[in-house]
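As structure tokens, the structure follows; a few thoughts come after it.
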Amino acid sequence: MAHSTTTTTTPAPSAAAASGTAAVARTVLIAIGLILLILAPFFLYPVFLMKILCFALFACAFNLLLGYTGLLSFGHATFFGGAAYFTAHAVKEWGFSPELGILTGVLGAAVLGLIMGFFAIRRQGIYFAMITLALSQMFFFFCLQAGFTHGEDGIQSVPRGRLFGFIDLSQSLNMYYLVLAVFIIGLLIIWRFINSPFGMILKSIRENEARAVSLGYSVARYKLGAFVMSAALAGLAGGVKSLVFQFATLTDVTWQMSGEVILMTLLGGIGTLIGPLVGAGLVVTLGNYLATTGFPVTIITGIVFMVCVLLFRRGIVGEFYASRIGRKLGFEYRR
Amino acid sequence: MTALLEVRNLNSWYGESHILHGVDMNVGEGETVTILGRNGVGKTTTLRTVTGIVRARKGEIRFAGKDMMQVPLHRTAHHGIGFVPEERGIFSTLNVLENLMLPPEVAKGGMTLDEIFELFPNLHERRNSPGTRLSGGEQQMLAIARILRTGTRLLLLDEPTEGLAPVIVQRIGEVLKTLKQRGMTVLLVEQNFRFASRVADRFYLMEHGQMVAEFKVGELPERMDMLHKVLGV
Amino acid sequence: MTNATAHINEESRVVLSARGLRRDFGGFTAVRDVDLDVHHARVHALIGPNGAGKTTVFNLLTKFLQPSAGTINLLGTDITRTPPDKVARMGLVRSFQISAVFPHLTVLDNVRVALQRPNGLAHQFWRPLAALDTLNERAEQLLASVGLAKERDIVAADLSYGRKRVLEIATTLALDPKVLLLDEPMAGMGQEDVSVIADLIREVARTRAVLMVEHNLSVVANICHHVTVLQRGEILAEGNYETVSNDPRVRVAYMGTEEA
Amino acid sequence: MTMIFGVPLQALLGQLLIGLINGSFYALLSLGLAIIFGLLRMINFAHGAQYMLGAFVAYLLLTFLGIGYWPALILAPLIVGILGAIVERLFLRRLYDLDPLYGLLFTFGLALTIEGTFRYLYGSSGQPYATPSALSGGTNLGFMFMPIYRGWVVVVSLVVCIGTWLLIEKTKLGAYLRAATENSTLVQAFGVNVPVLLTFTYGLGVALAAFAGVLAAPVYQVSPLMGSNIIIVVFAVVVVGGMGSIMGAILTGYMLGIAEGLTKVFYPEASNIVIFVIMAIVLLIRPAGLFGRDA
Amino acid sequence: DASDGKVKIGILNDQSGVYADFGGKSSVEAAKMAVEDFGGKVLGVPVEIVDADHQNKADIASNIARQWFDTDQVDAIMELTTSSVALAVQAIAKEKKKIDIVTGAATTELTGKQCSPYGFHWAYDTHALAVGTGGALVKQGGDSWFFLTADYAFGYSLEQQTGDFVKSAGGNVVGSVRHPLATTDFSSFLLQAQSSGAKVIGLANAGADTQNAIKQAAEFGITQGGQRLAALLFTLAEVHGLGLEAAQGLTLTEGFYWNRDEESQKFGKRFFERTGKMPNMIHTGTYSAVLQYLKAIDKAGTDETEAVAKQLHELPVDDVFAKGGSVGPNGRMFHDMYLLEVKKPGDSKEPWDYFNVLATIPGKEAYIDPAKSGCELVK
Ligand SMILES: Nc1ncnc2c1ncn2[C@@H]1O[C@H](COP(=O)(O)OP(=O)(O)OP(=O)(O)O)[C@@H](O)[C@H]1O
Ligand SMILES: Nc1ncnc2c1ncn2[C@@H]1O[C@H](COP(=O)(O)OP(=O)(O)OP(=O)(O)O)[C@@H](O)[C@H]1O
Ligand SMILES: [Mg+2]
Ligand SMILES: [Mg+2]
């Protein structure tokens with residue numbers, strides 16, 4: 001009886017063949033993307049590229065939470081900026097190697113995620129957003145007052161050191177390929193995470209939370225798990241960023257930074273794997289470009305936000321997926 | 001009998017799904033008409049389209065001779081169409097009295113509070129408690145009573161007996177009969193066939209977003225076979 | 001009704017019991033002094049006028065609400081303070097008054113999600129999705145048993161109302177619950193689906209306890225072995241359908257003068 | 001002198017009074033936020049910017065038209081409220097059917113744009129706005145020197161809060177508002193023009209923020225950034241109070257203002273996070289907030 | 001001769017954020033004025049000013065700085081508002097062997113532990129503010145102090161340094177209270193300050209915090225009650241934003257005041273014509289820095305970093321900003337600072353006529369002795 005009323009998309013007879021070529025096309029797309037990323041530092045400014053990659057990973061981590069569990073965190077700067085401080089401090093003051101320093105950042109961010117998540121996951125929707133915002137503001141004040149962050153000066157002149165003792169990271173290219181590797185690993189972790197049994201449960205929780213409870217899943221723990229995972233990955237991005245720029249400052253723990261990462265995700269496409277990369281690229285480029293035009297960045301950022309929300313909520317990548325070409329390539333956008 | 005409500009070739013969509021595929025139907029002044037049909041055939045959608053909650057994209061709705069297709073939702077009530085939704089729509093932040101007083105009066109001749117309380121003594125007793133503290137049946141009474149106060153000419157009732165205790169279903173049947181005596185026109189959607197057959201003058205049978213049959217209450221016995229096949233009653 | 005009596009004699013093990021159950025909402029007491037025993041291999045109906053507290057009792061038993069007073073015992077364990085997901089893991093599973101499926105998952109995935117936990121495949125975030133394919137066989141069995149095999153790849157949102165309820169029952173059965181709580185499984189359902197579900201419930205109840213809320217008296221009469229009537233949060237009457245339906249108090253409060 | 005926890009009783013009284021003043025702003029702002037949230041199901045992130053706008057409009061009225069404090073107290077909220085209504089009409093209404101998060105994100109963008117624009121036009125160091133002469137000066141209350149203007153703020157905010165509460169809880173308009181919160185389609189089907197009602201509500205909430213802004217202008221520097229931090233505190237106030245009760249929003253505003261005031265005496269370093277700490281504790285004990293209904 | 005056919009100076013500061021009034025776009029104008037006053041050319045090649053808004057983000061700033069140095073042939077970067085930005089960019093400039101002259105940031109770290117052979121600190125620093133306000137005010141009779149301190153490193157160091165000078169000048173600190181950053185309501189703290197009976201209430205904070213504290217102090221009648229307010233980091237631009245009504249009686253220290261003498265008035269008027277406001281020490285400091293940089297190139301006969309830096313260290317500074325200024329081995333430029341008091345509204349004769357000069361603090365007193373600065377370049 002449903003057939004007259006709901007239009008169910010029945011797969012065309014040639015669907016199997018079509019999806020075969022689409023898979024090839026997608027693989028080709030990914031390969032081209034990878035090659036571009038590998039060659040990019042020879043054409044573009046490496047530090048600029050590294051910044052984009054760091055923010056892209058940050059946005060991907062954020063997206064893991066928003067896009068796949070439906071939780072909008074307005075406090076992710078805490079993990080990004082917090083990890084930057086931890087890594088910078090570990091490397092500069094304790095003399096940790098870069099890899100251990102990054103690990104310190106990731107662990108620190110995960111612990112922060114555990115604490116913030118513990119409070120925030122008690123509520124949903126906009127409450128969740130407001131609580132994470134408030135808690136991250138608290139963390140901001142902590143960073144402002146704690147001695148090891150050096151207040152407004154920030155932790156400066158952080159040595160990049162030698163990766164595994166022999167790769168000299170003060171060479172831009174070495175650093176770039178480390179960042180690229182971290183980014184790709186991060187992306188793979190996220191991909192595995194959402195396409196795993198755990199991810200399946202997350203998806204079902206997002207679909208119908210009460211039902212998931214009644215099936216015996218302790219929803220809070222799954223959400224917390226996803227939250228901590230997202231925090232740790234954001235921390236990975238923040239830790240690496242502090243090595244790239246060789247400093248950690250208050251900017252990265254402000255709530256405006258949380259807003260920026262939301263913008264990147266929204267612009268690129270919530271719930272798409274590479275949307276955040278596109279979004280981060282755009283926002284970072286825009287920030288850099290506007291810096292020399294004398295036009296206030298916040299106004300543009302604000303307008304981009306509003307336009308995105310009003311006109312293309314799926315974001316650039318999402319719109320592409322939903323477009324005819326995107327669908328032909330076998331992409332799917334569902335939110 | 002003049003038709004108070006005339007519907008011709010009505011087509012409605014929810015987003016991209018086409019739900020009503022050309023509904024034709026009349027409801028005469030003072031008549032009680034019931035739409036029967038299985039789940040999901042579009043009964044509720046029909047009522048919602050007539051009210052204006054769902055916008056029809058094609059077809060014609062005439063009420064008391066006036067074209068209703070372009071009338072915005074918040075104006076339909078003023079023409080005399082009162083809608084009681086499936087889920088009743090009692091407001092929890094308002095008490096019974098406030099719930100009753102909520103819809104603006106659209107025409108003279110609506111029931112006074114006294115008349116309403118006479119018809120539904122339970123409501124009088126609980127007039128100060130929050131609307132959703134009432135039992136399901138009382139909520140249903142409140143939902144009907146609320147519309148009667150506005151002086152509406154046509155009452156659209158969507159499954160008024162769903163989920164109600166049998167004893168309440170009986171009460172509501174009695175109320176509908178009283179209303180009929182007062183000349184109220186009613187368009188009813190009902191799954192509960194037994195109840196429908198007691199209150200209706202005429203039936204439409206709906207399938208796949210269209211009316212597939214129409215008959216008077218007197219013709220029921222000869223139609224039972226068909227109804228059995230379609231509805232399983 | 002005859003085979004029902006037979007069942008009772010065979011096995012009357014109490015699997016779920018509540019004593020002195022009470023729940024207040026602010027100053028309002030929705031449920032008070034409710035004692036309830038649910039037996040293995042029986043269908044137990046909870047009926048009563050609207051607002052009597054039936055759904056609330058369900059919420060209390062499954063721990064979606066915390067009782068204000070009273071104790072609940074499931075399979076010999078006191079679960080008065082146990083969180084709802086734990087209760088579900090112990091074998092008490094409910095359905096909802098409004099249909100509860102995962103709308104954007106396929107029918108098969110809906111069932112697989114339910115199977116994941118009992119099969120220890122719930123928290124592996126490092127394993128690929130293909131790890132879940134081991135559940136397919138069982139899931140398809142379940143779908144076949146409720147007649148949903150053909151729809152396995154359809155997204156649940158596209159199912160009709162009645163089929164959704166069927167899917168929900170299949171998902172519930174996937175947990176192999178010891179006690180099944182169904183809240184108005186037939187509400188708003190067309191006549192043709194009602195009998196399908198009624199048969200299914202009867203079938204399911206052969207090996208487990210079922211407690212259901214239902215207003216459709218013919219269903220109650222046909223498949224329920226035991227009936228508890230609730231009114232204003234309190235138990236008004238109890239017994240088999242015949243006894244209860246002849247109780248004048250029940251007729252006044254609930255059934256009216258009609259015959260089922 | 002009587003001492004309480006090492007602080008003279010008189011000083012404590014003074015601080016309580018001061019807390020009440022802060023609380024007045026919190027109450028007005030969280031009230032507006034609660035009204036908008038209640039009806040539109042949307043977190044108005046631009047609330048802080050609109051508060052700033054109120055103060056700025058008062059400043060602009062004074063500098064360009066010579067319109068003083070008293071008319072501005074009415075005019076500025078009116079102007080800002082109308083601007084809000086226009087925004088609602090043009091944009092917000094397209095978002096009602098979506099996840100409420102989009103409303104939050106849109107108003108976030110709106111806030112950035114408004115603040116950015118004013119910073120661009122008027123710089124970041126703000127503009128002066130003098131206390132109206134009728135209210136300048138102060139009285140010695142014995143235990144503290146009380147600027148008259150502050151007393152006025154407490155009184156007038158109480159009056160406005162209670163007035164708004166009466167409007168929403170006790171009038172037919174309020175009944176429409178509350179009913180539309182629960183089921184706006186149905187209220188519309190009853191013949192009430194809900195779209196207009198929504199526009200009005202958003203305008204009202206925004207006007208309340210702007211009103212708070214005008215009140216704040218003589219006390220705080222009229223600066224484009226004055227609303228960007230307070231909004232987060234007000235969010236925390238709203239979480240503590242819990243949505244769903246107008247009175248709850250008002251009371252929580254005053255309570256937390258006082259709590260913050262007392263912290264400034266006993267442990268000033270923590271005074272900006274005390275509200276967040278209270279929020280965390282309340283979340284642990286009553287996840288729905290002090291006055292919120294269970295979700 | 002110049003390496004690439006022109007000399008390019010980058011002004012990197014906050015143009016849209018909280019410090020936009022402090023320096024901002026107007027500083028770019030000041031830099032351009034310096035270029036014009038120098039004649040538009042140095043060593044026969046044109047001088048170009050580029051500018052960017054770092055939005056108070058160190059990463060944006062360092063991105064721009066790198067790009068400027070690596071691909072845009074920028075020879076020197078100046079202004080650099082906010083400590084984190086200044087320190088980050090100075091580190092990059094050091095690594096790339098380029099010149100940076102900081103006029104916007106306050107931290108003494110720039111010429112202390114994190115000093116650079118090519119880095120210079122021009123207009124002011126926390127030490128000078130502390131000496132100016134703390135030391136000099138005691139001599140004016142303000143010998144007992146109470147501090148309202150922003151609760152983070154910047155506030156602590158201002159409070160501590162100022163307190164030291166108060167004590168060494170014979171005054172005493174009777175108490176202090178720490179308020180969080182971005183406090184809007186200061187009345188509790190002001191009441192404490194009021195009841196402390198101190199003659200001077202020192203505001204060891206910045207920006208909006210200082211403004212709100214001053215505004216509310218007026219409301220509580222603090223200055224009428226005979227107490228003096230001293231803002232430790234406050235300039236003409238903020239006084240203008242606050243208005244004389246609220247700011248009257250306030251004491252502060254700046255490295256420049258336009259209405260001090262004829263030369264400064266002339267400069268001020270020219271600046272006003274171009275920007276619509278009178279310059280503060282940041283604007284004029286940037287003017288001076290650009291001018292001095294061009295003089296150094298001229299003297300060195302090249303724009304090569306080492307040579308220019310050498311000249312910058314050696315050349316005396318003599319312009320509208322600094323009279324008889326000199327640069328220490330750690331990059332610190334020594335020049336006079338002024339203790340200023342905000343006039344009453346009635347005493348102000350023209351727009352922007354805001355200050356009485358209470359005292360002049362000689363550069364050698366105002367700034368840390370390079371030998372004690374902790375900079376490793378000082379032997
Ligand atoms: N808001 C909606 N959006 C999309 N589709 C909808 C919506 N509401 C209903 N439908 C679909 O429209 C079809 C008709 O629904 P409608 O509610 O009119 O059926 P009905 O005849 O009233 O059924 P029932 O007896 O179950 O109430 C169904 O297939 C339903 O799934
Ligand atoms: N969260 C709550 N807060 C306040 N009152 C509640 C709450 N939940 C239920 N109630 C009240 O408790 C009473 C019992 O409600 P319940 O939903 O259990 O009834 P029911 O027997 O399931 O009715 P129905 O047959 O209509 O579903 C009702 O009066 C209801 O208003
Ligand atoms: Mg229906
Ligand atoms: Mg119920």
Side-chain angles (χ1 to χ4, degrees), chain A residues 1-11 15-16 64 67-70 122 185 188-230 232-233 271 332-335, chain C residues 62-64 83-96 98-105 109-110 112-132 135 151 153-163 168 171-172 174-175 177 181 190 192:
Chain A
M1 53 184 148
H3 64 267
S4 66
T5 49
T6 46
T7 45
T8 36
T9 44
T10 40
L64 169 66
Y68 299 95
T69 66
R122 288 160 182 266
I185 291 169
L188 288 177
I189 292 176
I190 292 173
W191 190 78
R192 163 55 64 242
F193 190 76
I194 55 189
N195 291 299
S196 71
F198 188 95
M200 195 67 195
I201 307 295
L202 279 183
K203 207 184 285 179
S204 65
I205 289 173
R206 203 186 127 191
E207 294 261 301
N208 191 336
E209 184 166 331
R211 183 56 177 159
V213 173
S214 77
L215 292 180
Y217 294 107
S218 41
V219 166
R221 264 191 235 164
Y222 283 88
K223 283 187 178 171
L224 192 59
F227 195 83
V228 171
M229 185 57 140
S230 171
L233 286 167
E332 183 183 14
Y333 188 82
R334 181 168 256 161
R335 243 189 88 64
Chain C
T62 50
K63 306 312 308 304
F64 273 63
D85 49 304
K86 179 99 183 284
V87 169
R89 289 198 288 275
M90 291 170 67
L92 174 63
V93 180
R94 72 177 294 184
S95 74
F96 287 83
I98 31 165
S99 127
V101 292
F102 302 115
H104 293 111
L105 303 188
D109 277 343
N110 261 278
R112 287 209 313 195
V113 165
L115 285 171
Q116 271 180 258
R117 191 185 45 76
N119 291 287
L121 275 171
H123 53 265
Q124 282 83 347
F125 60 81
W126 57 90
R127 292 189 62 181
L129 217 44
L132 297 180
L135 305 176
E151 284 102 330
D153 290 323
I154 292 181
V155 174
D158 290 346
L159 290 180
S160 74
Y161 185 80
R163 309 301 289 168
E168 199 190 332
T171 325
T172 310
L175 301 181
L181 267 52
E192 78 283 6

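Throughout, a chain's letter reflects where its sequence line sits, starting with A, and its residues are numbered from 1. The shown structure was predicted, so the numbers you read here are calculated from the model rather than taken from an experiment.
For the residue pair C/Q124 and A/P197, the shortest heavy atom distance occurs at O-CD, 3.2 Å. When all heavy atoms of C/L132 and A/M200 are compared, the pair lying nearest together is CD1-CG, 4.0 Å.
In this structure, C/W126 places its CH2 atom where more than 12 heavy-atom neighbours from other residues, nucleotides or ligands lie under 6.0 Å away. In this structure, A/K203 places its NZ atom where only 12 or fewer heavy-atom neighbours from other residues, nucleotides or ligands lie under 6.0 Å away.
Contact count versus chain A (heavy atoms, under 4.5 Å) is highest, among C/L121, C/L181, C/V113, C/L175, for C/V113. With chain A as partner, the option from C/P128, C/A114, C/A130 having the largest number of non-hydrogen pairs under 4.5 angstrom is C/P128.
Applying the salt bridge (Lys or Arg N to Asp or Glu O under 4.0 Å) test to pairs two or more places apart or on separate chains, none has a residue in residues 113-127 of chain C. Pairs engaging residues 210-221 of chain A under the side chain to side chain donor-acceptor pair (under 3.5 Å) rule: A/R211-A/S214, A/R211-C/T172 [sequence neighbours left out].
In this structure, no portion of A/A220 lies under 4.5 Å from any heavy atom of chain C.
Ring geometry for C/F125 versus A/F193: interplanar angle of 30 to 60°, hence tilted.
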Run the side chain to side chain contact (heavy atoms under 4.5 Å, CB included) test on A/V219 and C/D85 for me, step by step, so that the C-alpha distance in whole Å, both residues' side-chain angles and the decisive distance to 0.1 Å come before the verdict.
CA-CA 8 Å; A/V219 166; C/D85 49 304; over 6 Å; no
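The closest donor-acceptor contact from the side chain of A/N195 to the backbone of C/L129 lies at 3.5 Å or more, if one exists at all.
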